[in-house]
Structures are given as structure tokens and as C-alpha cells.
Amino acid sequence: MAKLVYGDMFFIDPLELDRSLRQLRQMYGGVSDELRGWNWSNDLLSPPLEEVYLGVSEIANRYCPTYRDLYLRRVLGKTAPYTYKTVRGWIYHAISSRAVREVKSTLYRVGPCTGTRLQLLLSERKKEILNSVFSVYGVEKHLGEHDALKLKRDAGALYDYLALQAAARLDRVLSETSRIPELESIIAKIVPMDVERLVDGRLLGLSRELRVDLFTERRIVVDIKTGDARPFHKYTLAGYALAIEADLEIPIDYGIISYLSVEGGVVKVRNSIHFIGDELRREFIELRDEAFSVIHRGTDPGKPPTCPDYCIYYQICNG
């Protein structure tokens, strides 16, 4: 069961988050120790194949229920075509992480300042950051001129939104203190998380360079999604939680799927918080083991009875 948490993915209201966590703790028990990632050597968690490592999204994003997408990519080496949604996902993720880093670097450079000044300084960097991100991902090579321009407008709206949220958060932090706190304390309160946290998942048969979109000070993993909500998205949280537990040996009990979209220049964010309990962990491990089985067999598992048209391999499988 998921619970909605209000606020955007960087500035979720702490009181609302704490209230939601308390409610979830009352609804669920703890997590079995055998299903913690640090017990990676037991029969349940140990990977079925050696020297094969998969990304969490490859396992969890079951757009294709027969795993034919994984067979095409991992066995036949067929890459999926780049769609507008694919490129949009790259750009929104990149802008989100760059904006957070820019907030931190700006405050380190100028020191404590007002929210108005922070927003102004961030806005001055907007054009350079957008051009840099679009160049790194080669957007013009993958999209036509019309789509590229639309994406740049929407990415600009996202950057403006994050800059405004950071400025508002800064003013709020300053207003709640009797004297200006230390710079490190200000930054920790404005952006209380790591972005693109690197995690080594090899002990569980996962990639050695997993990138967790956001990892908060409350030990909550956040995965940003830029498309429609799907029921299997929650499995990414279980995968990242297990990997962090195996790599860092700290317990991860909760995760948030943050759905991000830009519609008509308006940024919309919906956060769904999940308890990463035994059931979710077991289901992710079952998905992982089936993915390894498809790779090990090396035979085409075939198409499902109905191919979802939002699968990135839809055109390859259906001509």
C-alpha cells in the first residue's frame, strides 16, 4: 500500500513526511533479517549467475511481462530506439540533479543570502546549464527541431520551478531561526539529500554503479519517474534498498516514487511513499531470478498476448 506525500521531491514537507512514516509504521511490522541486503550470501538473496550484473530498472520496469525486452537487449544486443519520452526522462533527471548541485555550489560561493538573491543567481545560470545538459545528451541527434524546442521549454520550466522552491525553502529556514545559522546547517536544511548516490549492487547480482536519484537524511530512497504511473515502479525501491543495505549495511525501510511532469509550463509532482517490506523484497528477488533465467536460457521467451504500446521495444517486436 502506498501513501501520497505532498510537496516536491526535493522539498517534501518534513512534518507531512513524518506523519506519513508514523502511519506506515503502525500499519506494518518490521523487515525480516533474512531479507536485508547485508544477508546477500543466503540462498534467497544470492544471485543465480556469476559475473552477470543487471540494473535495477532492467529488472523492475516490467513493461514486458515475458522479459523479451531483456532478451533483446542482453542476449541479442539490440538497443531500443530513442523516443521522445526516453530523451525527456534523461533531461528531467539531469536538470533535477544539476539544479540541486547548483543550489549547493551557489550558497558555498556567496554564503548565506536571501531567497530572492539565490533565485536571481540560479536564474543567471539557467541558459548555460540547459545548453550543457542538452549538449551532453545529444538531444538534437535524437529529436527533431520541434520536439527539441518543446523539451527545452519544459526543461527550463522545471529548472525555474526548482530554483523557486530552493529560494522559498531558504527564506523559510532563515525565518525560523533567531540568528543566521552556519552555512553548512543552512544547506543541510535546504537540500537534505544526496543526488545520484552511487551504490555497488554486485553482491546481489546488480550493477556496480547503481545511481539512486535521491537519498534523504531519513534513509529514504527516492526514484524519479517522468512517465505515467505503473504498478511495477515500486519494485525499483526494493532493488535500491537491498543494494544499499548490501553495500553500506544500513537499514532502508521506506522509499518514494516521485512522478514528475511539465504540462503547459506548469511543473507537477506527485509523491507516493512505500514501505519496503518482506513482500515487496521477495517480489523483486523473484523478478531478478526470472531475469537471470531468461539470460541463462538464451532463448526467445516470445511476446506477451498483448504488447503494451508504451514498451520501448514495441516497434522492434511489432514492426
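None of the values given here were measured: they were computed from a predicted structure.
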[X] [atom1] to [Y] [atom2] distance, which is reported to the nearest 0.5 Å:
{"X": "His274", "Y": "Tyr235", "atom1": "NE2", "atom2": "OH", "result": "10.5 Å"}
{"X": "Leu151", "Y": "Leu143", "atom1": "CG", "atom2": "CG", "result": "6.5 Å"}
{"X": "Leu170", "Y": "Cys113", "atom1": "CG", "atom2": "SG", "result": "5.5 Å"}
{"X": "Asp289", "Y": "Glu286", "atom1": "CG", "atom2": "CD", "result": "8.0 Å"}
{"X": "Asp33", "Y": "Asp278", "atom1": "CG", "atom2": "CG", "result": "10.5 Å"}
{"X": "Leu242", "Y": "Leu210", "atom1": "CG", "atom2": "CG", "result": "11.0 Å"}

Between the side chain of [X] and the main-chain N/O of [Y], is any donor-acceptor distance below 3.5 Å?
{"X": "Ser132", "Y": "Ile129", "result": "no"}
{"X": "Ser135", "Y": "Asn131", "result": "no"}
{"X": "Asp171", "Y": "Gly115", "result": "yes"}
{"X": "Arg270", "Y": "Ser258", "result": "no"}
{"X": "Asn42", "Y": "Leu45", "result": "yes"}
{"X": "Arg219", "Y": "Pro251", "result": "yes"}
{"X": "Ser97", "Y": "Ala94", "result": "yes"}
{"X": "Ser32", "Y": "Glu34", "result": "no"}
{"X": "Arg288", "Y": "Leu204", "result": "yes"}
{"X": "His93", "Y": "Gly89", "result": "yes"}

Determine, for [X] against [Y], whether the closest basic-nitrogen to carboxylate-oxygen distance falls under 4.0 angstrom.
{"X": "Asp247", "Y": "Arg202", "result": "no"}
{"X": "Lys150", "Y": "Glu145", "result": "no"}
{"X": "Arg211", "Y": "Asp213", "result": "no"}
{"X": "Arg282", "Y": "Glu279", "result": "no"}

Got [X] and [Y] here, is their nearest side-chain heavy-atom distance under 4.5 Å?
{"X": "Ile257", "Y": "Ile273", "answer": "no"}
{"X": "Leu120", "Y": "Thr116", "answer": "no"}
{"X": "Pro65", "Y": "Pro304", "answer": "yes"}
{"X": "Glu102", "Y": "Leu122", "answer": "yes"}
{"X": "Arg98", "Y": "Val195", "answer": "no"}
{"X": "Leu248", "Y": "Val199", "answer": "no"}
{"X": "Tyr313", "Y": "Lys303", "answer": "no"}
{"X": "Ser96", "Y": "Leu158", "answer": "yes"}

If you compare all heavy atoms of [X] against all heavy atoms of [Y], which two are closest, and at what distance to 0.1 Å?
{"X": "Gln119", "Y": "Ala167", "answer": "CB-CB, 3.8 Å"}
{"X": "Ala243", "Y": "Leu206", "answer": "CB-CD1, 4.1 Å"}
{"X": "Asn271", "Y": "Val269", "answer": "OD1-CG1, 3.8 Å"}
{"X": "Tyr92", "Y": "Leu260", "answer": "CB-CD2, 4.1 Å"}
{"X": "Ala238", "Y": "Ile276", "answer": "CA-CG2, 3.7 Å"}
{"X": "Asp69", "Y": "Cys64", "answer": "OD1-CB, 3.6 Å"}

Using the rule given for side-chain hydrogen bond (donor to acceptor under 3.5 Å, both in side chains), can you reason through Glu184 versus Tyr108, listing the C-alpha separation, both sets of side-chain angles and the distance that settles it, and then say yes or no? CA-CA 9 Å; Glu184 289 288 348; Tyr108 277 125; 3.1 Å; yes

Let me see the working for Arg36 and Val31 under side-chain contact (heavy atoms from CB on, under 4.5 Å), right down to the final yes or no. CA-CA 7 Å; Arg36 291 291 192 183; Val31 177; 3.6 Å; yes

When you measure from the centre of the six-membered ring of Phe134, is the NZ or CZ of Lys152 closer than 6.0 Å and no more than 45° off the axis?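 Yes, Lys152 sits over the ring of Phe134.
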
Does the structure place the NZ or CZ of Arg230 under 6.0 Å from the centre of the six-membered ring of Tyr310, at an angle of no more than 45° from the ring's axis?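 That pair qualifies as a cation-pi contact.
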
Single-linkage hydrophobic cluster, 4.5 Å side-chain cutoff, [X] and [Y] together:
{"X": "Phe275", "Y": "Phe284", "answer": "no"}
{"X": "Leu183", "Y": "Val103", "answer": "yes"}
{"X": "Ile295", "Y": "Leu72", "answer": "yes"}
{"X": "Phe215", "Y": "Val100", "answer": "no"}
{"X": "Val266", "Y": "Ile224", "answer": "no"}

Could you go through the side-chain contact (heavy atoms from CB on, under 4.5 Å) check for Ile256 and Val221 one step at a time? CA-CA 6 Å; Ile256 294 174; Val221 291; over 6 Å; no

Taking everything shown except Arg297 itself, do over 12 heavy atoms lie less than 6.0 Å from its CZ?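 Yes, the 6.0 Å shell around CZ holds more than 12 heavy atoms from other groups.
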
Is the CZ atom of Arg101 crowded by more than 12 outside heavy atoms at less than 6.0 Å?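 Yes - once you tally the heavy atoms of other residues, nucleotides and ligands closer than 6.0 Å, there are more than 12.
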
Residues [X] and [Y]: side-chain donor-acceptor under 3.5 angstrom:
{"X": "His142", "Y": "Tyr84", "answer": "no"}
{"X": "Ser105", "Y": "Arg109", "answer": "no"}
{"X": "Thr86", "Y": "Thr83", "answer": "yes"}
{"X": "Tyr67", "Y": "Glu290", "answer": "no"}

Go through the steps to decide whether Leu107 and Ile190 satisfy the test side-chain contact (heavy atoms from CB on, under 4.5 Å), and finish with yes or no. CA-CA 10 Å; Leu107 289 173; Ile190 295 174; 3.8 Å; yes

Taking distance alone, no hydrogens or angles, what donor-acceptor pairs closer than 3.5 Å link side-chain atoms of residues 50-60 to residues at least two apart or in another chain?
unit_1	atom_1	unit_2	atom_2	d
Glu58	OE1	Gly55	N	2.8
Glu58	OE1	Arg74	NH2	2.7
Glu58	OE2	Arg73	NE	3.2
Glu58	OE2	Arg74	NE	2.9
Glu58	OE2	Arg74	NH2	3.4

Using the side-chain hydrogen bond (donor to acceptor under 3.5 Å, both in side chains) rule, take His233 and Asp223 through it: C-alpha gap first, then chi angles, then the decisive distance, then the call. CA-CA 9 Å; His233 285 162; Asp223 193 34; over 6 Å; no

Where do Leu214 and Asp194 land on the side-chain contact (heavy atoms from CB on, under 4.5 Å) test, with the steps shown first? CA-CA 6 Å; Leu214 301 171; Asp194 293 336; over 6 Å; no

In this structure, which one of Trp40, Trp38, Tyr240 forms a side chain to side chain contact (heavy atoms under 4.5 Å, CB included) with Glu245?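 For Glu245, the side chain to side chain contact (heavy atoms under 4.5 Å, CB included) test succeeds with only one of Trp40, Trp38, Tyr240, which is Trp38.
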
